[in-house]
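Shown next, in structure tokens, is the structure this report addresses.
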Amino acid sequence: MEQQAFPRTHYCGTVRTEDIGKTISVCGWAQRSRNLGGLIFIDLRDRTGIVQLAFDEHTPKDVFDKAFTVRSEYVLAATGVLRERSSKNPDIPTGDVEVEVTKLRIVSRAETPPFEIVENSDVNDMLRLKYRYLDLRRPDMQRAILLRHKIGKVARDYYDEQGFYEIETPILTKSTPEGARDYLVPSRVHPGKFYALPQSPQQYKQLLMLAGFDRYMQIVRCFRDEDLRADRQPEFTQIDLEMSFVDVDDVIEVNEGFLKRVFYEILGVELETPFPRMPWKEAMERFGSDKPDLRFGFELKDITHLVKDCGFKVFSGPATSGGSVRLINVKGGSTFSRKEIDSLGEFVKTYQAKGLAWLKLSGDQRSSSFAKFLKEEEVDAILEAAEAQDGDLILVVADTSNEIVFAALGALRCECARRMNLLDPREYRFLWVTEFPLLTYSEEEGRFVAEHHPFTAPMDEDLPLLESNPLRVRAKAYDIVLNGTELGGGSIRIHQTELQEKMFSLLGFTEEEAQAQFGHLINAFRYGAPPHGGLAYGFDRLVMLMAGVPAIRDVIAFPKVQNASEPMTACPSPVGDKQLDELSIAITRKEED
RNA sequence: GGCCCAGUAGUUCAGUUGGUUAGAACGCCAGCCUGUCACGCUGGAGGUCGACGGUUCGAGCCCGUUCUGGGUCGCCA
């Protein structure tokens, strides 16, 4: 019977030349073994790195024989004397030393894994996720998960120092019809009734302000039953916070402090604060997006007025019927081939643009899809507006819907930058986008809907417009944007009962409906509400950008795939009739397997 | 719900104009090997070409349908 204790003295990756001569014990997984016949080397791996175990003619025969049988991913516990290597490996931190093993325990054997446990593997995502526990053994995944832990720790430390309490809010909560689809949880005790998993702790954190906690934060799981993207999972984590007796500047200042701190502590990057701010309207006009990537130019230019009377209907049509014609100047874009420009045309069609007009200036050559339809001076005016120079590529989108023009050109400028390799993931350009519209009109529902949520406060100077022109009202809402990704967003909330009631009525709620859905909040306001506001970060996105990886999946230990299932556990899965019966649930439609 | 891309050995991929027994590298197994560290050398095993249907004398390759995954539009207060 082998001993069961693990007298580990060192983590594998931490041994150094200072430890030479010491008897040490290490535990871990066999990364690789090199069997030279009379000499065996095994790389032993744990979360800190790798150390080389050496077995040679001095090794006791039973130990040597055991080493002979070791295969990839066997779990080993080894004891021996740390010695200097006769030939060193400069590529790893422990490359100057090795363990001359005197005792070896094969703690568990392992089947050959379905893929190699190595850094930068480009194995199929599905396979990685099915065997996520193996995938997570890879050093890059270990680093990402550790980075996530450290960022969370900085957040807790920082907000604690700033006087925030971490307070938990319920996971079983009330469904609200505004916003994303809810994940529902049936109640056994109340047949036919459901809890909802929170899309965010929004209302609870406001109630905590009403309860007098003054400053709250929480690193909290949120749930939205919507389709996935590279930066969207059905369950994701927010750094959520709320503050009392503040206005926009106060929230922004505290959070600039956090971002400055976390980027310095984790990446050693010194961010300059305050970050630039840009009103939403300006962001749309200049970048066609409410989350502009500032790492490159290609800003939008409005040429509607220049083409109103031109003979080219593709331009003059939208220009004279409430739409717009806008362009971006892709500096140095004349290197794009005709084929590539055609593919950009296909690209904008995904944003419902009807097509892409272009003009290319390379040397004395001017080629264009539209110049032949315009007068010489009209083309010149467009080129002047675009500040076009030799080597540039002008891309024009015209549509009767401004939203489509913005969406298409906003996405196109990013796509061009991607194709031209202008995006340095180690350059961090932060931006506050402010003054979002308070409301938008939903054609589908035939009413106003809140752009942010129904508790967002209007800007003081726009209050009179609430009656006269609600769509012009700007909100005390702000997003923090990093390199074209919305990292977080928040707002100052309404704390006056009358204003809140006005908002609900604008949104088309009757008093009874508002009371039924938000009564807890409305009633709470009657008992003394402090002015308050807050912000929530997409924690996964923050970690993703700081880790320099392309998807939040890469910084979540057990993520879901595009159809919202999880390959390892194969959830969601059917449940038994007994369970359903207890919940008073009948299945009316089934997925075919 | 729409669009784009991918699916061939355990893994990553190649596979010509539709034509013999579908290949490579890594991994795996066996043997040899005392300073390797992507060890080396020799040999070997390993395939429902995602699935179904069609065209054809003949399909990994062409056509249709479908499944799975990735990206994206819609959606995501």
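Computation of the quantities below employed the complete heavy-atom set of this structure, encompassing side-chain atoms and omitting hydrogens, waters and symmetry-equivalent molecules.
Checking side-chain atoms of D182(A) against main-chain N and O of L184(A) turns up no donor-acceptor pair under 3.5 Å. Looking at Y216(A), its side chain never comes within 3.5 Å of a backbone N or O of L208(A) through a donor-acceptor pair. Formation of a donor-acceptor pair under 3.5 Å by the T14(A) side chain with backbone atoms of Y11(A) is found in this model. Of the possible polar contacts, one joining the N124(A) side chain to the L127(A) backbone as a donor-acceptor pair under 3.5 Å is found. Remark: side-chain polar atoms of D479(A) are not paired, donor with acceptor, to backbone N or O of V481(A) under 3.5 angstrom. Proximity of a side-chain donor or acceptor of T456(A) to a complementary backbone N or O of H453(A) within less than 3.5 Å is detected. In this structure, the side chain of D540(A) engages the main chain of T237(A) through a donor-acceptor pair within 3.5 Å. Without hydrogens or angle criteria, R181(A) side chain to E226(A) main chain gives no donor-acceptor distance under 3.5 Å.
Minimum heavy-atom separation, D399(A) to A353(A): OD2-CA, 4.5 Å.
In this structure G10(B) sits in a base pair with C26(B), meeting the Watson-Crick or G-U test at under 3.5 Å. Figure legend. U34(B) is base-paired to no nucleotide; pairs are counted as Watson-Crick or G-U wobble with both atom distances under 3.5 Å.
Looking only at atom types and distance, the side chain of T569(A) has no donor-acceptor partner in the side chain of R132(A) under 3.5 Å away. With no hydrogens or angles considered, a side-chain donor-acceptor pair links T48(A) and D46(A) at under 3.5 Å. Side chains of Q52(A) and R34(A): a donor-acceptor N/O pair is present below 3.5 angstrom, by distance only.
The same atom, P, is picked in U42(B) and in C26(B); the two are 11 Å apart, to the nearest Å. A gap of 14 Å separates the P atoms of G7(B) and U11(B), to the nearest Å. To the nearest whole angstrom, the two P atoms, one in G60(B) and one in U48(B), are 14 Å apart. With C1' as the reference atom, C63(B) and U55(B) are 7 Å apart, rounded to whole Å. The same atom, C1', is picked in A14(B) and in C49(B); the two are 13 Å apart, to the nearest Å. G44(B) and C61(B) have their C1' atoms separated by 31 Å, given to the nearest Å. If you take atom C1' in G15(B) and the same atom in U8(B), they sit 9 Å apart, rounded to whole Å. With both ends at atom P, the span from G1(B) to U66(B) equals 12 Å, rounded to whole Å.
In this structure, K130(A) reaches neither bases nor backbone, as no heavy-atom distance under 4.0 Å exists between it and the strands shown. Note on S72(A): only backbone sugar-phosphate atoms sit closer than 4.0 angstrom, heavy atoms only; bases stay farther off. Heavy atoms of R447(A) sit nowhere under 4.0 angstrom from any nucleic acid atom. Contacts of E445(A) with the nucleic acid, taken as non-hydrogen atoms under 4.0 Å apart, are absent.
Atoms CG (L412(A)) and P (U72(B)) sit 17 Å apart, rounded to a whole Å. Note: CD (E119(A)) to C1' (A38(B)) measures 14 Å, nearest angstrom. With rounding to whole Å, E111(A) atom CD is found 12 Å from C29(B) atom P. If you take CD of Q31(A) and P of G27(B), they are 12 Å apart, rounded to a whole angstrom. When rounded to the nearest whole Å, the span between OH of Y351(A) and C1' of C75(B) equals 14 Å. Computed from coordinates, the I42(A) CD1 to U34(B) C1' distance equals 15 Å when rounded to whole Å. Atom CG of D135(A) is separated from atom P of U11(B) by 14 Å (rounded to the nearest Å). Rounded to an integer number of Å, the gap from L53(A) CG to U36(B) C1' is 13 Å.
Comparing G69(B), G1(B), C76(B) against the side chain of N563(A) picks out G69(B) as the nearest. When each of G69(B), C73(B), C76(B) is scored by its nearest atom to the side-chain atoms of V561(A), the top-ranked nucleotide is G69(B). Side-chain proximity of R71(A) to the nucleotides U68(B), A30(B), U36(B) is greatest for A30(B). The side chain of M126(A) lies closest to U68(B), out of G35(B), U72(B), U68(B).
The existence of a salt bridge linking D342(A) and K339(A) is excluded, since no basic side-chain nitrogen approaches an acidic carboxylate oxygen closer than 4.0 Å.
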Exercise for review: Kindly indicate, with the supporting measurements, whether the criterion side-chain hydrogen bond (donor to acceptor under 3.5 Å, both in side chains) is fulfilled by Q206(A) and Q202(A).
Suggested key: CA-CA 6 Å; Q206(A) 290 192 243; Q202(A) 181 61 36; 3.0 Å; yes
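Within 3.5 Å, a donor on the side chain of E57(A) pairs with an acceptor on the base of U34(B), or the reverse. Residue R229(A) places no side-chain atom within donor-acceptor reach of the base of C76(B), judged by atom type and a 3.5 Å distance cut-off alone. Side-chain atoms of R181(A) and base atoms of G74(B) include no donor and acceptor less than 3.5 Å apart. Checked by distance alone, R418(A) brings no side-chain donor or acceptor within 3.5 Å of a matching partner on the base of G71(B). A donor-acceptor contact under 3.5 Å is not formed by the side chain of Q352(A) with the base of G2(B). You'll find a donor-acceptor pair under 3.5 Å spanning the side chain of R232(A) and the base of C76(B), going by distance alone.
Regarding contacts with the backbone of U11(B), every side-chain N or O of R128(A) stays at 4.0 angstrom or more from both OP1 and OP2. In this model, the phosphate group of C37(B) is not approached by any side-chain N or O of S87(A) to a distance below 4.0 Å at OP1 or OP2. Considering only side-chain N and O atoms, Q562(A) lies nowhere under 4.0 angstrom from the phosphate OP1 or OP2 of G69(B).
Comparing P113(A) and Q52(A) against RNA chain B, the residue whose closest nucleotide sits nearer the 5' end is P113(A). Mapping F455(A) and L228(A) onto RNA chain B by nearest heavy atom places L228(A) at the nucleotide closer to the 5' end.
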For nucleotides 39-42 of chain B, print each protein N/O atom paired with a nucleotide N/O atom at under 3.5 Å, atom names and distance only.
from: C39(B); atom 1: OP1; to: R32(A); atom 2: NE; distance (Å): 3.1
from: C39(B); atom 1: OP2; to: R34(A); atom 2: NH1; distance (Å): 3.1
from: C39(B); atom 1: N4; to: N35(A); atom 2: O; distance (Å): 2.6

Grab the N/O contacts between the protein and nucleotides 12-15 of chain B below 3.5 Å, and write none if there aren't any.
from: U12(B); atom 1: OP1; to: N124(A); atom 2: N; distance (Å): 2.6

Using atom names, set out every protein N or O paired with an N or O of nucleotides 46-51 of chain B below 3.5 Å, distance rounded to 0.1 Å.
none

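Here F64(A) and F55(A) keep their ring centres 6.0 angstrom or further from each other.
The shortest distance between side-chain heavy atoms of S72(A) and T112(A) does not fall below 4.5 Å.
Stacking of F115(A) onto the six-membered ring of U11(B) is not present when judged by under 5.5 angstrom between centres and under 30° between planes.
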